[in-house]
Each structure stands twice: as C-alpha cells, then as structure tokens.
Amino acid sequence: MTIPVLEITNLHKKFGEVEVLKGIDLTMQSGNVVSLIGSSGSGKTTLLRCVNLLEDYEDGVVAVEGEQIGYKQHKGRRIRLKEREIARQRAMTGMAFQHFNLFPHMSAIHNVMLGLIKTRKTPKDEAYAAAEGWLDRVGMKNWKDHYPGQLSGGQQQRVAIARAIAMNPVLMLFDEVTSALDPELVSEVLAVVKDLASDGMTMLLVTHEMQFAHDVSDTVVFMQDGRIGEQGPPEQLFHNPKSERLAAFLKNSKF
Amino acid sequence: MDYDFNFAAVWRDFDILLSGLGLGLVLAVISIAIGCLIGLCLAFAMLSKKRSIRWAATVYVSVFRNTPILVLILFTFFALPEFGINLGKIESFIVTLSVYSGAYLTEVFRSGLVSLPPGLREAGLTVGLTEFRTKILITIPVMFRRVLPALGNNFISLFKDTSLAAVIAVPELTFYARKINVETFRVIETWLVASLMYVIACSIIAAILRRTENRLAIPK
Ligand SMILES: Nc1ncnc2c1ncn2[C@@H]1O[C@H](COP(=O)(O)OP(=O)(O)OP(=O)(O)O)[C@@H](O)[C@H]1O
Ligand SMILES: [Mg+2]
C-alpha cells in the first residue's frame with residue numbers, strides 16, 4: 001500500500017467557540033480527483049485551508065505524503081512547527097483561490113516565476129522557461145508580459161493556476177475557482193482544470209458547478225454542517241443520493 | 001509704502017541660502033527614510049495579534065502625533081542632555097524629525113496594509129514564502145505603491161518642518177535668512193527670497209514625486 005497523497009483523520013476546527021469542522025476523515029491517493037460540494041457555510045473552504053495551514057486546526061491530523069502538516073508530536077504534546085518548516089510544507093500543495101489573488105505588481109510570467117525562484121531556488125533563466133511553458137499550457141503565453149490588472153477574470157485565474165502548478169505540487173487545491181467569474185469566462189477555466197485532471201494531477205476541489213464535479217471527479221464529498229454527509233463516486237452521489245439533505249441540495253443546485 | 005527694494009544684500013549671500021536649502025533637504029530625506037522604517041515596524045505592530053504590541057504602537061503614535069513638533073525639537077535638544085543623552089544639533093534634529101515622521105507614517109502604512117486584500121498574503125504563503133518574505137516581496141511593495149501619494153505629501157510637509165530647526169541653530173535656510181535679515185535689515189527682500197526658495201523647492205519635489213508615482217504605478 002502506497003502512502004496516500006492526502007490523509008485527513010478526525011479533523012476538528014473551531015473559529016472561537018464555533019466548531020466548523022467536526023471530525024473529518026478523507027484519504028486521497030495519487031491521481032485522485034475529489035470534489036467537495038455542500039451548502040454555504042458547511043465548511044468546504046475551511047477544510048481546504050486546513051490542508052495548507054492557512055487555518056490552524058485544533059485536533060486530528062492532516063498529512064500530506066505521510067507528513068503531518070503544521071504540527072509535530074513532542075513528548076505527548078502537539079507543538080506547532082517552525083515558520084520555515086510550515087513554508088516548506090505549504091509548497092508541497094498548490095492552491096487556486098476564488099479571487100485569483102495574483103501579485104498585482106508583477107507581470108503574468110513573474111507571478112509564475114516568483115515561487116520557482118524564491119522557494120524552489122530555480123535559476124532565473126530556467127524559471128523563465130518553465131513559467132513560459134506553464135503559461136502556454138493554460139493558453140496564456142501571449143499574455144505573459146501583461147499585469148493582472150490588464151487581464152480578464154478568466155485570464156487571471158488561468159495565470160493563477162499556472163502559478164500554482166508550476167511549483168509541481170503533489171496536490172492541487174481549488175476553491176471555487178469559477179464563482180467570481182462572468183458566466184462566459186467559466187468554461188475556459190474549467191477546461192484548464194479538466195486538462196490537468198486528465199493529466200493525472202491529484203486535486204481536491206470545492207465547486208458549485210455540479211455538472212463539472214460530475215464529469216471530473218472520482219469521488220464527490222457532500223459536506224453538511226462541518227461533517228462529511230455522504231461520499232462516493234459521482235454517479236452514485238448525483239443519481240442515487242442516500243440522504244434527504246443531499247437530494248434537496250442537488251435539487252436546489254439545478255443539477 | 002515707502003520701501004526701497006534692494007536685493008543686492010540678499011543676492012550676495014544667496015549661496016549660503018542655497019546651502020541652507022540643501023541641508024534642509026538632506027535632513028528631510030534622512031529623517032523620512034528612518035521614519036519609514038519606524039512607520040513600517042509600527043504599522044505591523046498595530047496589526048499584531050498581541051494586544052501589548054498593539055498597545056505600545058498606539059501609545060507611540062498618540063504621543064508623537066499630539067505633541068507640537070517645535071516642542072519635540074526643543075525637548076530633544078535641551079532636555080535629553082539632562083538624562084545624559086547629548087546629541088549635536090543636527091543629530092538631535094534628525095532624531096526628532098524621524099521619530100515624529102515615524103508616527104505619521106505609521107498611520108499611512110497601517111491604512112495601506114488594511115486596504116490590501118487578505119488573499120495577497122495568503123497567495124504568497126501558498127507558493128512557499130515565509131511570512132517575512134511575503135511581507136518583503138509582496139505585501140510591502142504593493143502597499144507602498146498605494147500609499148505613495150500620501151508618502152509624498154508627508155515628505156513635503158516634513159521638508160517644510162525643517163525650517164523649525166532654526167530654533168536650535170541648525171544652519172538651514174530659515175536660520176540663514178534670519179541671520180541675513182538681522183545683519184542687513186532687508187526684511188522684505190530676505191523673507192521674500194526665502195519663501196520663494198521654499199515654494200520652488202517644494203514644487204520641484206512634488207513634480208519628482210508625481211513622476212515617481214507614474215513610473216511605479218501598477219499597470220491597469
Ligand atoms: N475566519 C473566520 N472566522 C470566523 N468564522 C469563520 C471564518 N471563516 C469561516 N467561518 C465560518 O465557518 C463556517 C464554514 O465556513 P466555510 O467558508 O468553510 O464554508 P463554505 O462551505 O466554504 O461556504 P461557501 O460555500 O459559502 O464558500 C461558516 O459558518 C463561516 O461563517
Ligand atoms: Mg467557501
């Protein structure tokens with residue numbers, strides 16, 4: 001049995017007094033594509049953000065490639081890793097955000113190169129060539145010298161995805177990457193994600209695009225009040241939902 | 001008005017007025033550079049998770065923003081030696097102006113930092129940068145561009161404040177103007193020339209700042 005790319009065990013997360021993740025278990029093998037669906041506030045984003053420690057978690061274990069993210073056990077107590085260690089772990093995964101979050105003061109290609117140069121210590125000319133290759137992959141090579149402010153939302157999102165995958169992560173995290181886009185720009189971004197999925201990239205994605213989740217995932221996870229309500233292959237979840245909640249959710253999401 | 005204008009006496013000493021103007025500029029540049037460092041640190045302190053750190057920064061800003069700069073100048077030069085801190089008049093003035101501008105720039109930088117989308121820092125972290133490098137490479141450069149107009153205004157206002165250094169005999173423009181005035185009694189000419197020199201210098205600085213803003217502007 002190979003080490004899972006992602007293994008989440010009994011994950012608990014609180015914001016102040018409010019528990020928003022109430023014991024999540026999730027395992028992903030290399031090449032898996034898992035979609036998180038569920039109503040607003042069910043904890044999808046928070047779950048994703050615990051994987052790269054943008055949120056701390058109180059209890060349970062998030063492990064990427066067998067390595068616990070953010071903490072280690074020391075004399076029976078859990079202690080937070082040092083800043084540098086956490087930075088290294090974060091670079092094991094890549095993330096694309098709802099609002100792209102490109103670096104506005106850098107051109108598209110420099111957005112992609114930054115992590116390569118600063119984190120991966122890739123020489124500049126190599127980083128440039130690699131960044132150019134990734135921008136080509138997402139159809140943005142001709143825009144490489146444009147700044148984020150000069151690009152459409154769909155174009156920015158494609159650059160942001162290139163920035164993340166250029167780091168060669170073992171796992172990509174996508175948080176509703178199309179929900180801030182005008183409807184006519186959604187398909188160009190989904191096409192890029194699909195292309196990466198078919199290429200064998202391991203991905204965990206949050207989406208409100210049910211058809212897309214249906215087409216791209218091996219496993220769909222329905223989140224409900226900070227717990228996993230139901231999970232399984234897309235055919236089963238979308239066509240034979242076990243719970244009333246999921247059935248109602250799917251009806252409301254016009255699937 | 002029966003006043004015979006005679007600029008000869010002022011022209012004769014024009015070079016020392018110019019040297020005074022130059023010193024004022026140097027004092028302003030050094031002070032705002034140190035003030036920027038103080039302001040940056042305190043701006044991050046203001047946004048710290050630790051209450052005691054936020055509190056310390058707030059106290060600093062309130063104290064120095066609510067004391068007239070003239071009082072600060074006199075305090076640093078005349079009162080600090082009583083505590084065993086002896087500074088030359090130029091050093092003493094630089095310390096005062098740096099500390100004072102630091103308080104104002106803290107507010108400038110703090111509001112610049114809170115205006116940034118939180119996702120910017122997070123994007124830096126997700127490509128594997130530490131918090132510190134995210135600040136250096138992303139947050140501060142983006143914030144800096146946003147606050148450049150405010151920074152420029154502060155610089156001009158600090159440059160004008162260098163005229164107050166005359167009270168502790170720092171040989172800048174106002175100090176020399178007063179000296180020439182006393183020696184020649186050409187009251188109107190002296191102060192007219194000094195005023196014009198400030199106006200022209202400030203206009204040139206403003207023009208340079210505008211060009212810098214345009215050059216550094218994030219393309220849209
Ligand atoms: N920084 C925060 N501080 C306090 N509460 C938060 C914070 N972030 C999220 N929450 C709360 O945690 C719960 C889960 O939020 P989360 O963003 O994970 O939901 P989601 O499933 O991604 O929803 P959506 O579909 O709207 O994006 C919500 O009740 C939300 O209000
Ligand atoms: Mg969300």
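So that the names make sense, note that chain A is the first sequence line, chain B the second, and so on, each numbered from 1.
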Would you mind checking which part of [X] comes under 4.5 Å of any heavy atom in chain B, side chain (CB onward), backbone (N, CA, C, O), both or neither?
X      : value
A:R120 : neither
A:F97  : side chain
A:M106 : side chain
A:L114 : side chain
A:T93  : backbone

### Message
Strictly less than 4.5 Å between heavy atoms, which residues of residues 128-158 of chain A line up against chain B? Please order them by number.
### Response
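Within residues 128-158 of chain A, the residues under 4.5 Å from chain B are A:Y147, A:G149, A:Q150.
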
### Query
Do B:F159 and B:F155 have ring centroids that are under 6.0 Å from one another?
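Judged by ring-centre distance (under 6.0 Å), B:F155 and B:F159 do not meet the cut-off.
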
### Message
Taking the basic N atoms (NZ, or NE/NH1/NH2) and the acidic carboxylate oxygens, is any pair closer than 4.0 Å for A:R80 and A:D56?
### Response
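So A:R80 pairs with A:D56 through a salt bridge.
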
### Message
Less than 4.0 angstrom from a charged side-chain N to a carboxylate O is my criterion; do A:E85 and A:R88 meet it?
### Response
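Result for this pair is yes, salt bridge flagged.
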
### Query
Heavy-atom distance under 4.5 Å between the side chains of A:V159 and A:F100, does that happen here?
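Answer no - side chains too far apart.
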
### Query
Among A:K118, A:M167, A:M95, which residue forms the greatest number of heavy-atom pairs with chain B at distances under 4.5 Å?
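Of the candidates given, the most pairs with chain B belong to A:K118.
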
### Query
Among A:E83, A:H105, A:Q89, which has the most heavy-atom pairs under 4.5 Å with chain B?
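Maximum pair count with chain B is reached by A:H105.
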
### Query
In terms of side-chain heavy atoms, does B:S31 have a donor or acceptor partner in B:S101 at a distance below 3.5 Å?
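The criterion, which ignores hydrogens and geometry beyond distance, is not satisfied for B:S101 and B:S31.
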
### Check: A:S179/A:Q98 side-chain N/O donor and acceptor closer than 3.5 Å
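A:Q98 and A:S179 do have a side-chain donor-acceptor pair below 3.5 Å.
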
Heavy-atom proximity to chain A below 4.5 Å, by part of [X]:
X      : answer
B:L137 : both
B:R121 : neither
B:P219 : both

### Approximate separation, where rounding is to 0.5 Å, of A:F174 CZ and A:L190 CG
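Atom-to-atom, A:F174:CZ and A:L190:CG are 10.5 Å apart.
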
### Task
Report the C-alpha separation of A:V186 and A:F212 in whole Å, then their side-chain angles, then the decisive distance to 0.1 Å, and conclude whether the side-chain contact (heavy atoms from CB on, under 4.5 Å) test is met.
CA-CA 11 Å; A:V186 168; A:F212 175 71; over 6 Å; no

### Query
Name the one of B:T162, B:L87, B:T76, B:I30 that satisfies side chain to side chain contact (heavy atoms under 4.5 Å, CB included) with B:F93?
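That would be B:T162.
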
### Message
Please rank B:R145, B:E122, B:K220 by heavy-atom pairs under 4.5 Å with chain A and give me the top one.
### Response
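Result: the option with the highest number of such pairs is B:E122.
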
### Query
Do other residues, nucleotides or ligands put more than 12 heavy atoms under 6.0 Å from A:K14 NZ?
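Counting neighbours around NZ of A:K14, 12 or fewer heavy atoms of other residues, nucleotides or ligands fall under 6.0 Å, so no.
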
#### Entry: For A:E176, the option from A:H99, A:H208, A:K44 that meets side chain to side chain donor-acceptor pair (under 3.5 Å)
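Passing option: A:H208.
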
